[in-house]
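Comments concern the structure below.
Values below: all heavy atoms of this structure, side chains included; hydrogens, waters and symmetry mates excluded. Quick note on labels: first sequence line is chain A, next is B, and so on, each numbered from 1.
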Amino acid sequence: MEVPRYWRNRNQRYALVGEVCPHCEVKIFPPRDVCPACGQDAKTKFSFSGRGEVYSYTTISDAPAGYEENAPYTVALVKLEEGPVVTAQLTDLGQEPVSIGMPVEMVTRRIRQDGGKEGILVYGYKFRPVMAVAR
Amino acid sequence: MLEDVVIAGIGQIQVGEHWETSLRSHAARAILAARSEVPSLQPDMLVIGNMLGSTISHQANLGALVADWANLSGVDAPTVEASGASGGAALRLGVMAVSSRQADVVVVLGVEKITDSVQTGQDRALTQMMDTDYEAMPGLTPSGQAGLVMNRYMAQYQVPAGAFAGFAVNAHANGAHNPNAMFRKPITRQRYDEAEVVAPPVNQMDVAPAADGAAAVILTRREWLPADYAMPVVRVAASNLVTDSLALHDRSDPMLFQAARLSSERAFRQAGISPAEVDLFELDDAYSIYAALQLEAAGFAAAGQGWLLAQDGSIIPRGRVPICTLGGSKARGNPIGAVGVYQAVEAVLQLRGKAGGSQVPEARVAMLQNWGGPASTVATHILMRE
Amino acid sequence: MEDKPQSLVLKPKLPVGIIGYGAYIPRYRLPNTEVSRIWVGGARPGPVKEKSVPGLDEDVVTMSIEAARNALARAGICADELRAVWVGSESHPYSVKPTSTLVAEAIGAVPHIQAGDWEFACKAGTEAMVAAIAMIGAGMGRYALAIGMDTAQGRPGDDLEYTAAAGGAAYILGPAAEALAEIEGSYSFVTDTPDFWRRADERYPSHAQRFTGDPAYFEHVTSAAKTLMSGLGSQPADYRYCVFHQPNAKFPQRAAQLLGFTNEQNKTGLLSPEIGNTYAGAAIVGLSAILDEAKPGDRILVTSYGSGAGSDAFSLRVTDKITGRQEKATRTREYIARRTEIDYGTYIRYRRLFAE
């Protein structure tokens, strides 16, 4: 069980907390030590809105160990409205067909369990089709 | 700088599911085969390309192990890991050692042993080639990654379904002539169309099956070749390795495959040739979409048009850009971290005119490109027959 | 202690109200006809139309996080202003390890908080609300979050399988001056009445069949509601809405009737016919549907019920601050309308009910 590893990333994984570069303002996810745009140090936290659109997607039927329970599941590259792209599962698709460009929003879901029935539950970001909500 | 580096000997074992034999045994056999071509050359260095020894076989420190089992104890023996590009990276390191005169005779070994474990363990191990925290964690697999790329590619360039069939058909047609291939039967277009979907739009015939394999080449400088060396001399004319962001999502444009572009351009510059002078291109067809992307990155097709070369006969041995001439990873089998060295062995066979039924006529210049992930690490080499 | 109703009503020193609220109901629905088809050849219509079922990646943690985010959006406060995150449920994913710390971390409420998981069958969420009212009312903090959420268990083939559903709601309690609904008072009625239970380490609950009715549900619900109204000097007619714990469609309707409420008052919060019994979420997800429609000045009587047994009753008065907050998050009815019907086989898979 990789408990420290999950724990270390809990903010980013539960809530899409990344960074904004204090030097060039670029929004960064996942958080890094060095800004990928300007190369200077990046450490200011930034909470992403969780809104984005599908850049590409596919379905995994042969899931690796720890993920079999949810298979088949859809994995997408999601382009966040602030710029970065993240790899994440799509969930709660119902009968709606997925398409490139489809608007999606972040939800926090159970990702996997590590260590079987006695092990730890890992939670993290997934995306679902946007629900009709005025904001 | 590379003027002097030649591939003096080659060796390989058949790729496949070798339940009865171990990593050390495969490695020793491939090295023995390569050394038997030039028995007078005593290696002073062994470079090993391998990805999964630590995870699947729970075996690290491969240098000491393999050197011992190949009766080479005492040599300098590092192991290079760059996922699917481990073999190409090992070749690159071997070339650097010989051309810089840090070593005189180098054995470059690519070895992968995946059948020490069963399916789920293999799949889990292979996911390590992606970004574990941010790609594997959401449940992505290497095949899924290819699915993401292929889906976007087909949408972006309006590519019709079935457009990639030609890659599998060509690979299997060529593999039928390779005694060391895992699959040695041609397949039909229908077989492709009926293949089970793996990670849509990627189907089983778009995926090169992971398998055991070991291949070795002996590098040296020309002055070390024995006086009675009777085979055509194959020179390393270009060698480089380029990296991109490990995760697809970390690239400013996930469809750019910048490392493949840069590595190809750098190779042509190093060899002083243009793409038109390449007689065969041993590219890395771990997935058919990656084959199309490599044709584009190397300049043989415009962006979005690589798949067309699989439709018009350009990629067959007598075509304009022959690829996967001895089956590629699709038909020869995909011994992950050994692929780059198999490519070198197969290219040398072509350049020596010993490629049998899938011989490229008058092959003189061979280009090899080896990918770790979706061009996260790219090693490119150009070999020339003197 | 004297039994005068006025002195029994719980009223905090400082006036307290609901600052924000948010619901969550998963999208999958199992029709009662499917359960009936499998177990009695379709011979029973079942006590509700259908029930909500969580997806494979959902549990009380994930559902609480979404409801809490909805509540925060309506409250318009930052999560780090909360001083408590409490989650009431009988389906916490861990037996030992709090749901509340996960929820608090995900919404950004850590570390200066009280956190804990509450258990009192179906009233664990309202018990947490009473505690939150007390905490704010005592001036120990400005805002506290109380959640009632469940992914209820029902043994395959048991009566409970028709109704045991998933859903719930989150409430942020704070100063009445900022509230969209002021708490006029609350009252809890508790006895030791074993009508329904689940022993430690057992997977499914057991129940005492018809004993769950009169001596349990109705006795506690009506006693709590009556005592509260009597203590506040209010009548059923003073309320625009009422909502009760809803283990099925019948019980809450009969409770309303016994207390003198009309169907009109009871219908907005009566969700069990469409989503089933969401246990710790049931009364308060009904309340969320009411708040979605309520207007300033409306009064609401809320009465939960938890087996074992007890009821918490609350009297609320909606303020003009409700205006503009309702649309700040997904409404309860929108979650109900987001509906994908599943068959019994899919249900067994989603709920991981394979025999072991």
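- The line from CG of B/Asn151 to CG of A/Leu77 is 10.0 Å long, rounded to the nearest 0.5 Å.
- With a 4.5 Å cut-off on non-hydrogen atoms, A/Tyr55 touches chain B through its backbone and its side chain both.
- Considering every non-hydrogen atom in both A/Ile100 and B/Arg152, the closest pair reads CG2-NH1, 3.4 Å.
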Which donor-acceptor pairs under 3.5 Å do side chains of residues 17-24 of chain A form with protein atoms, sequence neighbours excluded?
| from | atom 1 | to | atom 2 | distance (Å) |
| --- | --- | --- | --- | --- |
| A/Glu19 | OE1 | A/Arg32 | N | 2.8 |
| A/His23 | NE2 | A/Asp41 | O | 3.2 |
| A/His23 | NE2 | A/Asp41 | OD1 | 2.8 |

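- Proximity to chain B (any heavy atom under 4.5 Å) is restricted, for A/Val86, to the backbone atoms N, CA, C and O.
- In this structure, OG1 in B/Thr141 is found 3.5 Å from CD1 in A/Ile60, a value given to the nearest 0.5 Å.
- Neither the backbone nor the side chain of B/Ala146 comes within contact range of chain A; no heavy atoms are under 4.5 Å apart.
- The most heavy-atom pairs under 4.5 Å with chain B, out of A/Asp62, A/Asn70, A/Val122, A/Asn9, come from A/Asn9.
- Within the model, atoms OH of A/Tyr73 and CG of B/Leu140 stand 7.5 Å from one another, a figure rounded to the nearest 0.5 Å.
- Heavy-atom distances place no part of B/Val202 under 4.5 Å from chain A, backbone and side chain included.
- Nearest heavy atoms, A/Ala88 versus B/Pro138: CA-CB, 3.9 Å.
- A pairwise comparison of heavy atoms in B/Gly139 and A/Pro64 identifies O-CD, 4.3 Å as the closest pair.
- With sequence neighbours excluded, no residue forms a salt bridge (Lys or Arg N to Asp or Glu O under 4.0 Å) with B/Asp206.
- With chain A as the partner, the residue from B/Gly147, B/Pro200, B/Ala136 showing the most heavy-atom pairs under 4.5 Å is B/Pro200.
- Within a 6.0 Å radius of CZ in B/Arg191, other residues, nucleotides and ligands contribute 12 heavy atoms or fewer.
- Atoms OH and CE, on A/Tyr6 and B/Met137 in that order, are 5.0 Å from each other to the nearest 0.5 Å.
- Listed options B/Leu126, B/Thr127, B/Asp133, B/Leu248 were ranked by heavy-atom pairs under 4.5 angstrom with chain A; first place goes to B/Asp133.
- A distance of 11.0 Å separates CD in B/Gln145 from OG1 in A/Thr58, rounded to the nearest 0.5 Å.
- Heavy-atom distances place both the backbone and the side chain of A/Tyr57 under 4.5 Å from chain B.
- For a residue to count as touching a neighbouring chain, one of its non-hydrogen atoms must lie under 4.5 Å from one of that chain's; by this rule A/Ala71 does not touch chain B.
- Heavy atoms closer than 4.5 Å to chain A are found nowhere in B/Met130, neither backbone nor side chain.
- Rounded to the nearest 0.5 Å, atoms CG (B/Leu148) and OG (A/Ser56) are 5.0 Å apart.
- Each of A/Gln12, A/Gln89, A/Arg13 has some count of heavy-atom pairs under 4.5 Å with chain B, and the biggest count is that of A/Arg13.
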